[in-house]
Structures are given as structure tokens and as C-alpha cells.
Amino acid sequence: MITGNPYMQKPIEQLINGQLRYIPNKVSPTHSTIRVNLWSKFKEIFQTTNYTALPHMDISFERGVNKFAPDISIVDYPSKITSDVYYGIPTLVVEILSPINECTKIDIYTNYGVDEYWEIDPKTETIKQFVLTDEQFNLVNTVSNSENEASISPSFCENESIFLKDIFLYPWSE
């Protein structure tokens with residue numbers, strides 16, 4: 001017997017390298033809060049640009065081969081968005097580490113030419129920023145919330161800073 005909201009308990013379907021995988025549809029409140037906080041900051045930054053921030057929306061990198069939902073995707077062709085899938089390659093992908101991340105997708109992002117990848121570790125409150133150069137992701141920045149006034153900027157929008165204190169801000173904090 002399923003109790004509570006059955007939609008929230010339905011496993012998430014991911015197509016990774018042609019193999020269908022199901023992962024639990026459950027993330028921690030910390031994970032959800034980080035996603036919402038960062039998505040809100042991206043929305044502010046990109047409101048006057050051609051970029052759109054998509055929170056946990058399916059991205060179809062290649063039909064029948066790779067389709068899954070990164071925590072946040074930044075895309076520059078909103079016309080490729082359907083009601084539930086973006087068909088194309090995002091400019092920036094954000095993944096928040098969690099116990100259910102069973103496989104790394106950084107190789108897939110590299111192969112399809114995603115320009116930038118951020119990996120967020122909620123436990124250490126750090127963000128690793130990778131930029132694609134010569135068909136390979138290179139770590140260009142690691143920032144920690146423990147650093148005073150730490151901030152990060154998308155490589156394609158360097159004049160806009162996002163302070164880590166705003167990303168790792170939890171409603172249950174004092």
C-alpha cells in the first residue's frame with residue numbers, strides 16, 4: 001500500500017547510454033533547498049538574457065540514448081523546450097551530490113559538449129566548477145561556503161556573482 005503522495009514515490013526514469021534506469025524520487029530537504037536557492041539566483045541573473053534556468057527537467061541529449069534530469073540546466077534555446085523535455089545540449093549543468101547519485105554523468109556531459117558543469121557537495125558546502133576545453137572538462141574553480149564572501153559566476157556570465165551564503169541558506173538555520 002502506497003501512502004502519501006504517490007507521484008512523489010514514483011521512481012524517476014532515466015535513460016543513460018541506452019539503458020533504462022530507475023532511481024528513487026527522494027531527495028533530502030537540504031538537496032531541495034540548495035536546488036531552489038540556486039535556481040532562484042539563476043533566474044535573477046538570466047532574466048534579461050536569452051538563457052533559461054530549468055530545475056530538474058528532463059534533457060534529451062540524444063533520442064533513445066540519453067535522457068535524464070540534472071538538478072539544474074541552463075539552456076540558451078528556450079524554443080527547444082516542450083511541456084516536459086528539453087531537446088538539445090545545455091550550456092551549463094548543475095548536479096547536487098546525494099546518496100542516490102549512482103553513476104557519474106560528467107562523461108556524458110563531456111561527450112555531448114556541455115560547456116560547463118558544476119558539482120555541489122552539500123556536506124562540505126563546496127562547488128566545483130568545470131569548463132569544457134579541448135573536449136575535456138577542466139576544474140577551473142573550487143569555492144567553499146566557509147570562505148568569507150565566497151562567490152561563483154558562470155564562465156559565460158562572469159560579471160554576475162552568486163554568493164554561496166545564498167545557496168547554502170536553509171530555512172531551519174538560525
Side-chain angles (χ1 to χ4, degrees), residues 11-18 20-28 30-98 100-122 126-133 135-141 143 151-158 160-162 164 166-168:
I12 296 171
E13 187 177 282
Q14 296 187 335
L15 187 61
I16 300 176
N17 295 323
L20 197 55
R21 298 177 185 208
Y22 294 92
I23 61 168
N25 189 6
K26 182 178 180 181
V27 294
S28 70
T30 300
H31 187 117
S32 295
T33 301
I34 291 168
R35 183 190 305 150
V36 168
N37 290 347
L38 182 56
W39 177 69
S40 296
K41 292 298 172 187
F42 279 143
K43 275 186 61 176
E44 288 174 24
I45 289 174
F46 300 134
Q47 66 185 345
T48 59
T49 72
N50 201 35
Y51 294 101
T52 301
L54 305 175
H56 205 259
M57 182 176 199
D58 276 339
I59 306 294
S60 180
F61 292 88
E62 183 178 350
R63 289 181 196 260
V65 179
N66 285 300
K67 185 184 100 175
F68 49 85
D71 284 298
I72 300 174
S73 301
I74 306 301
V75 301
D76 60 354
Y77 295 102
S79 62
K80 293 182 180 180
I81 301 170
T82 66
S83 62
D84 59 350
V85 177
Y86 176 81
Y87 293 95
I89 309 303
T91 302
L92 166 63
V93 170
V94 177
E95 292 282 3
I96 302 167
L97 299 179
S98 70
I100 64 170
N101 286 355
E102 63 191 42
C103 67
T104 179
K105 297 173 190 149
I106 194 167
D107 292 336
I108 294 170
Y109 301 144
T110 303
N111 293 339
Y112 285 101
V114 172
D115 294 329
E116 188 167 344
Y117 169 71
W118 291 9
E119 183 179 274
I120 300 179
D121 187 337
T126 58
I127 300 176
K128 291 181 180 178
Q129 181 179 23
F130 298 85
V131 174
L132 193 66
T133 309
E135 299 179 7
Q136 181 177 343
F137 273 120
N138 295 297
L139 180 63
V140 296
N141 196 7
V143 290
S151 66
I152 190 167
S153 302
S155 64
F156 55 91
C157 199
E158 291 178 348
E160 298 287 350
S161 293
I162 301 171
L164 271 64
D166 295 328
I167 298 170
F168 298 105

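Ile89 is listed as a side-chain neighbour of Val114, based on a closest heavy-atom distance under 4.5 Å. Residues Pro90 and Ile59 meet the side-chain proximity criterion, which asks for heavy atoms closer than 4.5 Å. Here the side chains of Tyr86 and Thr52 are not in contact, with every heavy-atom distance at 4.5 Å or above. Inter-residue side-chain proximity for Glu13 and Tyr22 is flagged as met; some heavy-atom pair is nearer than 4.5 Å. Contact check for His31 versus Asp71: side-chain heavy atoms found under the 4.5 Å cut-off.
Here the closest heavy-atom approach between residue Thr49 and residue Tyr51 is recorded as OG1-N, 3.1 Å. Of all heavy-atom pairs between Pro70 and Met57, the closest is CD-O, 3.9 Å. Taking each heavy atom of Ile167 and Ile127 in turn, the nearest pair found is CD1-CD1, 3.8 Å. Across Val94 and Ile120, no two heavy atoms sit closer than the pair CG1-CD1, 3.7 Å. Taking all atoms of both residues into account, the shortest heavy-atom contact from Pro55 to Trp39 is CD-NE1, 3.2 Å. Of all heavy-atom pairs spanning Leu92 and Phe42, the tightest one is CD2-CZ, 3.8 Å.
The main-chain N or O of Ser153 is found under 3.5 Å from a side-chain atom of Gln129 such that the two form a donor-acceptor pair. Under the 3.5 Å distance criterion, the side-chain polar atoms of Glu116 are matched with a main-chain donor or acceptor of Ser155.
Taking CG of Asp115 as the start and CG of Asp76 as the end, the distance is 8.0 Å to the nearest 0.5 Å. Put simply, CG on Asn37 and CG on Leu164 are 11.0 Å apart, with the number rounded to the nearest 0.5 Å. The line from NE2 of His56 to CZ of Phe68 is 10.5 Å long, rounded to the nearest 0.5 Å. Rounding to the nearest 0.5 Å gives a distance of 11.0 Å between CG of Asp166 and OG of Ser161. The structure places CD of Glu135 at 10.0 Å from OG1 of Thr110, a figure rounded to the nearest 0.5 Å. Summarising the geometry, atom NZ belonging to Lys41 is positioned 12.5 Å from atom CD1 belonging to Ile72; distances are rounded to the nearest 0.5 Å.
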- Message: Evaluate Glu95 against Trp118 for side chain to side chain contact (heavy atoms under 4.5 Å, CB included), listing each step before the verdict.
- Response: CA-CA 6 Å; Glu95 292 282 3; Trp118 291 9; over 6 Å; no
- Message: Working note: Asp58 + Asp84, criterion side chain to side chain contact (heavy atoms under 4.5 Å, CB included); need CA distance, chi angles, decisive distance, verdict.
- Response: CA-CA 7 Å; Asp58 276 339; Asp84 59 350; over 6 Å; no
- Begin from the C-alpha positions of Val75 and Thr91 and carry the test side chain to side chain contact (heavy atoms under 4.5 Å, CB included) through to its verdict. CA-CA 5 Å; Val75 301; Thr91 302; 5.9 Å; no
- Which is it for Val93 and Tyr112 under the side chain to side chain contact (heavy atoms under 4.5 Å, CB included) test, yes or no, and what are the steps along the way? CA-CA 12 Å; Val93 170; Tyr112 285 101; over 6 Å; no
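The aromatic rings of Phe130 and Phe137 stand perpendicular to each other, their planes meeting at an angle above 60°, with 30° marking the opposite boundary.
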